[in-house]
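Written below as C-alpha cells is the structure these notes are about.
All residue numbers refer to positions in the sequence shown, counting from 1.
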Amino acid sequence: MPEEMLATACNMNICKVNVDSDLRIGFTAGIREYLANNPSDVDMRSYLKQGKKYVKDLVRFKIQNVFNSKDKA
C-alpha cells in the first residue's frame, strides 16, 4: 500500500498497520548492500549490523512520516 494512503489512514485514527514486509525488505537490502561492498567479509555480525541499521532507519521514517506519531512518543 502506498505510504500516502497509510498516512491518510493513520490521520483517521487507524490503530494498526502491518509493515513486516517493508522491514524484511529493508533488512535484506542492508545485508545485500554490505555484502556487495565487502564480498570477502564472512562475519555475520558485520552484515547483520547493516541490516539492523536499515530496519532502524525505516522504522524511524515510518513513525515520523507515515504513522503521524512523531510527537506522541
Are M12 and V19 in one and the same hydrophobic cluster, where Ile, Leu, Val, Met, Phe, Trp and Tyr link if side-chain heavy atoms are under 4.5 Å apart? no
Taking C-beta and beyond as the side chain, do F27 and L48 meet within less than 4.5 Å on heavy atoms? yes
So how far is it from D20 CG to I25 CD1, rounded to the nearest 0.5 Å? 9.5 Å
Please step through side chain to side chain contact (heavy atoms under 4.5 Å, CB included) for the pair R60 and I63, ending with a clear verdict. CA-CA 5 Å; R60 181 178 290 117; I63 288 171; 5.9 Å; no
Checking D22, L23, T28 against V55 for side chain to side chain contact (heavy atoms under 4.5 Å, CB included), the one that qualifies is L23
Does the side chain of Y47 reach to within under 4.5 Å of the side chain of R32, using non-hydrogen atoms? no
From D57 atom CG to K62 atom NZ, the distance as rounded to the nearest 0.5 Å: 13.0 Å
Donor-acceptor contact present, side-chain T8 to main-chain E4, <3.5 Å: yes
Would Y54 end up clustered with V59 when hydrophobic side chains under 4.5 Å apart are linked, directly or stepwise? no
Side-chain heavy atoms of Y34 within contact of K49, under 4.5 Å: no
Side chains of L35 and D41, heavy atoms from C-beta outward: is any pair under 4.5 Å? no
Spacing of C10 atom SG and E3 atom CD [to the nearest 0.5 Å]: 10.5 Å
